Amino acid sequence: MEKHEVSYASSVSSDKESIVDLMAERPEQGSSFLAYANVVCVVAGTGTLGLPYALKLGGWIGVGILLLSLLMSVYTAVLLMKCLYYNGKYRLSSYQEVGRHAYGLPGLIAVWFFHTSIVLGAPIMYMILAGTEMNGLVKSAAITEKAWIWICAAIIAVPFVAMKTLKEVAVMSVFGALATVVLVIVAVRGSIIDMQNHTPKYADIHHNNVVLANLPTTIASISICFGGNVVYMHVEEAMRYPKSWNRVVAAALATCSVLYLATAIPGYLAYGSEAISPILQNLPDDAFTKTGTIFIIIHVILAAPILLTSFALEFERLVDVTVARRGKVMERVYRSIIRLVIVGFCGGIACTVPYFGDFLSLLGALGNCSLIFVLPIIFYFKLIGWRQMKFYELGWCAIIVVIGLISAVIGSIDAIKALNARFVGN
């Protein structure tokens with residue numbers, strides 16, 4: 001018996017040491033600040049400008065929903081990262097790998113489908129948004145909207161092809177995060193001006209505390225504002241100090257929440273029942289609002305390479321495009337070709353597929369809510385187990401899964417209605 005206990009103790013000690021080694025410092029990787037900037041740049045996004053409208057739908061209770069979504073997102077981001085190290089022997093490489101280890105081929109396929117729809121779909125929407133806004137700003141008969149989309153795609157391709165991993169791309173994310181901050185300042189400034197000037201257009205607005213009929217839609221709209229799980233694995237992989245992940249993701253998502261609240265509260269106060277998404281359409285038509293539009297373009301052009309790099313790293317790993325396998329020169333050649341094809345594919349979809357935004361809303365509702373809230377908990381229960389968890393933690397997990405499922409279902413219904421209206425209208 002004593003010998004068995006010693007053997008068991010040494011086994012536990014060995015497992016702990018292997019986990020510590022996996023989480024050891026990685027001197028060649030980037031700082032925690034760059035990881036923080038990466039998360040803020042991807043998560044904050046253009047969704048910030050739709051939050052006053054989300055409050056219009058659900059009322060002031062939306063502020064509470066936003067804070068609840070923050071807590072849920074941080075919690076699931078921590079659980080998901082624990083899944084990467086669940087066996088103590090090696091780090092899983094991706095979200096897809098977590099799905100495969102948890103539920104085999106069905107888990108792999110489910111994660112791959114949702115993950116791909118987001119990391120490719122969002123950059124396509126960014127190209128459409130940037131091209132449309134550029135066309136509106138420049139208003140040149142010589143350059144069409146589709147031409148602007150291709151120009152924006154070419155700009156996005158430069159850092160995407162030139163920089164291999166999120167460690168290099170992370171430098172751009174600092175500027176992307178700053179662009180988001182400027183965007184929020186523009187929105188807050190415009191909201192305050194309209195409140196102070198008592199703009200006649202918004203004289204008869206009203207505010208609600210709770211709109212029960214729209215509450216599920218509000219939950220769906222706000223919860224997906226924390227959709228960064230698609231890049232978390234690669235952000236953590238590019239961190240010098242992986243043990244700092246919990247603090248980094250909590251700080252980054254808290255920063256996003258501050259930006260969200262700073263936009264949502266003044267915007268809803270100023271425009272109430274007349275709030276529009278994006279809020280820039282409510283703001284005074286002046287130089288500051290045009291500056292906001294410019295910073296939207298800057299943000300999406302800087303955020304797109306982060307998402308595309310996340311997809312490219314997975315694809316290159318799948319087809320074994322590595323220095324060890326191909327050699328330094330040919331690895332660079334293959335990688336450049338693959339990434340140019342990816343950008344070309346995204347640009348082509350942005351210019352040709354009708355109603356792509358509505359299709360993406362459907363995939364986003366299903367994918368984001370599943371990847372952010374539902375799958376991390378299901379995978380954690382399978383890989384690490386739930387028996388060691390306290391009853392209140394299990395209750396918290398149940399709440400997160402229920403909210404995630406509600407958000408997915410309601411968001412999908414809304415997206416299907418929008419698609420149906422488009423097709424019926426034509």
Side-chain angles (χ1 to χ4, degrees), residues 38 41-42 45-46 94-96 112-135 138 143-176 179 227-228 230-231 233-235 238 294 296-323 326 329-357 359-360 363-364 367:
N38 253 333
C41 185
V42 169
T46 53
S94 65
Y95 207 150
Q96 290 91 321
W112 179 86
F113 177 77
F114 290 135
H115 182 275
T116 303
S117 69
I118 292 168
V119 295
L120 287 185
I124 291 170
M125 283 304 300
Y126 286 170
M127 290 177 188
I128 294 171
L129 177 61
T132 303
E133 295 295 341
M134 283 296 295
N135 189 54
V138 178
I143 306 177
T144 64
E145 185 175 298
K146 288 186 178 181
W148 278 117
I149 290 174
W150 280 113
I151 291 169
C152 292
I155 296 171
I156 290 168
V158 174
F160 176 50
V161 174
M163 301 178 183
K164 181 178 180 179
T165 68
L166 286 185
K167 176 189 173 184
E168 292 87 13
V169 178
V171 177
M172 294 174 52
S173 69
V174 175
F175 296 101
V230 290
V231 299
M233 284 74 176
H234 298 298
V235 171
I294 292 170
I296 284 181
I297 297 169
I298 293 171
H299 170 83
V300 299
I301 286 176
L302 293 178
I306 299 174
L307 291 162
L308 289 173
T309 299
S310 179
F311 172 79
L313 289 172
E314 294 299 326
F315 185 80
E316 288 156 11
R317 187 180 285 121
L318 180 66
V319 297
D320 202 14
V321 176
T322 61
V323 174
R326 308 288 180 179
V329 174
M330 291 311 297
E331 182 270 344
R332 183 59 183 260
V333 171
Y334 281 121
R335 174 159 52 86
S336 298
I337 292 172
I338 288 170
R339 297 192 178 199
L340 286 171
V341 169
I342 291 171
V343 172
F345 170 80
C346 291
I349 294 292
C351 288
T352 59
V353 175
Y355 317 135
F356 180 78
F359 279 111
L360 185 62
L363 291 175

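All values derive from a computational prediction rather than experimental measurement.
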What's the shortest heavy-atom distance between [X] and [Y], and which atoms?
X      : Y      : result
Leu307 : Tyr126 : CD1-CE1, 4.0 Å
Cys152 : Ala130 : SG-CB, 3.6 Å
Asn135 : Thr144 : OD1-C, 4.0 Å
Pro159 : Ile155 : CD-O, 3.1 Å
Trp148 : Met134 : CZ3-CE, 3.4 Å
His299 : Cys41  : CE1-O, 3.1 Å

Decide side-chain contact (heavy atoms from CB on, under 4.5 Å) for Val231 and Thr309; before the verdict, give the C-alpha distance in whole Å, the side-chain angles of both, and the deciding distance to 0.1 Å. CA-CA 9 Å; Val231 299; Thr309 299; over 6 Å; no
Calculate, to the nearest 0.5 Å, the distance between atoms [atom1] and [atom2] belonging to [X] and [Y] respectively.
X      : Y      : atom1 : atom2 : answer
Ile349 : Ile149 : CD1   : CD1   : 12.0 Å
His115 : Met233 : NE2   : CE    : 7.5 Å
Leu313 : Arg335 : CG    : CZ    : 9.0 Å
Leu129 : Ile296 : CG    : CD1   : 6.0 Å
Thr116 : Phe311 : OG1   : CZ    : 5.5 Å
Glu331 : Asp320 : CD    : CG    : 10.5 Å

Where the side chain of Arg326 meets the backbone of Arg332, is there a donor-acceptor pair that is under 3.5 Å apart? no
Report yes if the side chains of [X] and [Y] come closer than 4.5 Å at any heavy-atom pair, otherwise no.
X      : Y      : value
Val319 : Ile338 : yes
Glu145 : Cys351 : no
Leu308 : Ile156 : yes
Met127 : Cys346 : yes

